[in-house]
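Read the structure below first, then the notes.
Numbered from 1 within each chain, the chains take letters A, B, ... in sequence-line order.
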Number of protein chains: 2
Amino acid sequence: MATIYDVARHAEVSVATVSRVLNGSSVDPAMAERVTQAVTALRYRPNLVARNLRTRRTRLWAVIISDVRNPFFTDMVRGIEDVASAEGYSVVLCNSDEDAAKEADYVDVALAERMAGVILSPSSGRTTHINSLVGAGCPVVLVDRELGGVRADAVLTDNEQGAALATRHLVEQGFERIACVTGPQEYSTAAQRLRGYRAALAEAGRDEDGSLVRFADFREPGGHAAMTSLLDSPMRPDAVFVANNLMTIGVLRCLAEHALSVPADVGVVGFDELPWAEFARPTITTVGQPTYDEGRAAAEALARRIGSPDTEPTRTVLSTSLHVRESSLRER
Amino acid sequence: MATIYDVARHAEVSVATVSRVLNGSSVDPAMAERVTQAVTALRYRPNLVARNLRTRRTRLWAVIISDVRNPFFTDMVRGIEDVASAEGYSVVLCNSDEDAAKEADYVDVALAERMAGVILSPSSGRTTHINSLVGAGCPVVLVDRELGGVRADAVLTDNEQGAALATRHLVEQGFERIACVTGPQEYSTAAQRLRGYRAALAEAGRDEDGSLVRFADFREPGGHAAMTSLLDSPMRPDAVFVANNLMTIGVLRCLAEHALSVPADVGVVGFDELPWAEFARPTITTVGQPTYDEGRAAAEALARRIGSPDTEPTRTVLSTSLHVRESSLRER
DNA sequence: TTGTACGCGTTATCAG
DNA sequence: CTGATAACGCGTACAA
């Protein structure tokens, strides 16, 4: 593979001149022409590894997401990519698969490869590897989940508002015993969505003693198990608010297995949009997040952070919206 | 950020010794101990950019997929990741978004960053940028789609077999006018699935004059438009084989809009598994691909290619399987 | 086994 | 504006 020296020799100029042509400094037009000729003739491609070493920076952003198969994250990536390419960065995606160890590995790689910045949706409450990233001066933006004790920008959705929206809707529909299946307590999203659920019930003057709350794992089997447990409980619910998309699938599967009809026997509202929400029968009521805009916001925050590393961390909170569909409508 | 020189000074050894400790060469235990102490004390992290430059290689694989929101590709990524990490590589995902220009950009980055290898699901019939990658000596494996004139390993599924399976099933169910919505003609997958459809019809002794075939774009709106066109045609079909997952969604939406019931009015079989195939009402019959194994196979091919760059390109073809569900069952 | 010194391919500095 | 040359941080002959 040709180097800048080969190009210089071929064009009969110095390597400095070649470098200048490549980077847009002002050079004599005739020389520049010879250089570009040589570049195409030799099929020269600048070695970014060498450039990165010399300039001590990269044009690469790492986006470490906790689950590539969750449409919530992949939708967000689109927003990130659009901003990144406008800012002149390339995006590489890393899938931590909800595994803290894999996440730590990718954080290591991002640091060791001297990536220009990292957008991360944390896969656990562990913060040491993230703090070492921040401590090393790598620009970091957290998305979706908040992490106590990490000084980094964060882009979040108003989980409490969304959960309250969902729960209030179920109350208004006349459901009596509204359950909540939320995620692991150490995730800020799980805690906030639970809080929104409780706030809406309190607002309606209802007692909530915790017997209708289940903590699961944000994955499908967890949702299934939680719903099973709820159905087995003495206070059998007639509606359920499920705090993320994958668990909603588990809940629906469980209800189907018990031959319970939705919403006649049990009303359902899920957090996160489902790409096929309108396809299921009944169609599924969901709390939607502005995923694309969330991606954009995260990318913009990262760009700002790179531009001014020493400003205070920002915290951006986006609003959710309720998409009412059949699964939560009380038949009269 | 600390360099290897800082560590050497702190441990009172030479940089060579530090490097040896880091890379597992044999050094005096006492010295090694001092080095590791210094490493932790200084929070030293090897600079992979420098290492990559020096060794002229990387431990990164680029996986360039045509659509991060298509579960087919993200499922495959899991298989790739598992093999990659076992082989000591990190995987970075690049989303070309079915856009040949973005794909070319990522290919450029992979080449310029001297990535160890590339797994690519082509986004178009264009081959020049891919050939320049191959020509530059970068190990490349193509997945899902075949590309004429590119000397690279390929991991594919038996599209013709899968399409025939689907079509034969519709024939056996007694459907009379079986349509086919396939993808752009320049994609090998689209052509092969169409061929399988035709083969199965011929096998059943049926004429097929092309009036029930539509070429769409492998995306949802394309599927919708194709189905609309089929419903408007004189030979209105009573069943349809749809050649990928996203178009299947478009077809289903179109049928719902026309208040046609599936499978009573129109039977449906889709290519590619849908994560919610069992959730829709009716449940959707699909031709499933072994996505995880396909990912593994691609990664294994890449590892082999890196190990022996000059062997002949291989071509791995995996089998599909038909998942019969309600959407294709003729009611009697 | 250990240390010295060179080179990987760029960009940046400094004379000219 | 151009060219020679010193870094960037690391691995590895080579010599000790």
Taking only side-chain N and O atoms of [X], does any of them lie within less than 4.0 angstrom of OP1 or OP2 on [N]?
X: Asn23(B); N: dG11(D); result: yes
X: Thr3(B); N: dG9(D); result: no
X: Arg114(B); N: dG9(C); result: no
X: Tyr44(B); N: dC10(D); result: yes

Run the salt-bridge test on [X] and [Y] with the 4.0 Å N-O cut-off and return the result as yes or no.
X: Arg296(A); Y: Asp293(A); value: no
X: Arg69(B); Y: Glu81(A); value: no
X: Glu87(B); Y: Arg305(B); value: no
X: Lys102(A); Y: Asp105(A); value: no

Once you apply a heavy-atom cut-off of 4.0 Å, does [X] come out as touching a base, just sugar-phosphate, or nothing?
X: Arg57(B); value: nothing
X: Ser26(B); value: sugar-phosphate
X: Thr17(A); value: sugar-phosphate

Separation of [X] atom [atom1] from [N] atom [atom2], in whole Å?
X: Leu53(B); N: dC6(C); atom1: CG; atom2: P; result: 18 Å
X: Met1(A); N: dC8(C); atom1: CE; atom2: P; result: 15 Å
X: Arg45(A); N: dT10(C); atom1: CZ; atom2: P; result: 11 Å
X: Arg51(B); N: dT10(C); atom1: CZ; atom2: C1'; result: 20 Å
X: Arg54(B); N: dT10(C); atom1: CZ; atom2: C1'; result: 16 Å
X: Tyr5(A); N: dA4(D); atom1: OH; atom2: C1'; result: 9 Å
X: Arg56(B); N: dA13(D); atom1: CZ; atom2: P; result: 14 Å

Identified side chain to side chain contact (heavy atoms under 4.5 Å, CB included) counterpart of Ile119(B) within the set Leu302(B), Val155(B), Val91(B), Asp153(B): Leu302(B)
So if I take every side-chain heavy atom of [X] and compare against [options], which nucleotide ends up nearest?
X: Asp28(B); options: dG3(D), dC8(C), dT2(C); value: dT2(C)
X: Ala16(B); options: dG3(D), dT12(D), dT5(D); value: dT12(D)
X: Ser19(B); options: dT12(D), dG3(D), dG3(C); value: dT12(D)

Residue whose nearest DNA chain D nucleotide is more 5′ - Met31(A) or Val15(A): Met31(A)
Nearest-nucleotide 5' precedence on DNA chain C, Ala2(A) against Ser14(B): Ser14(B)
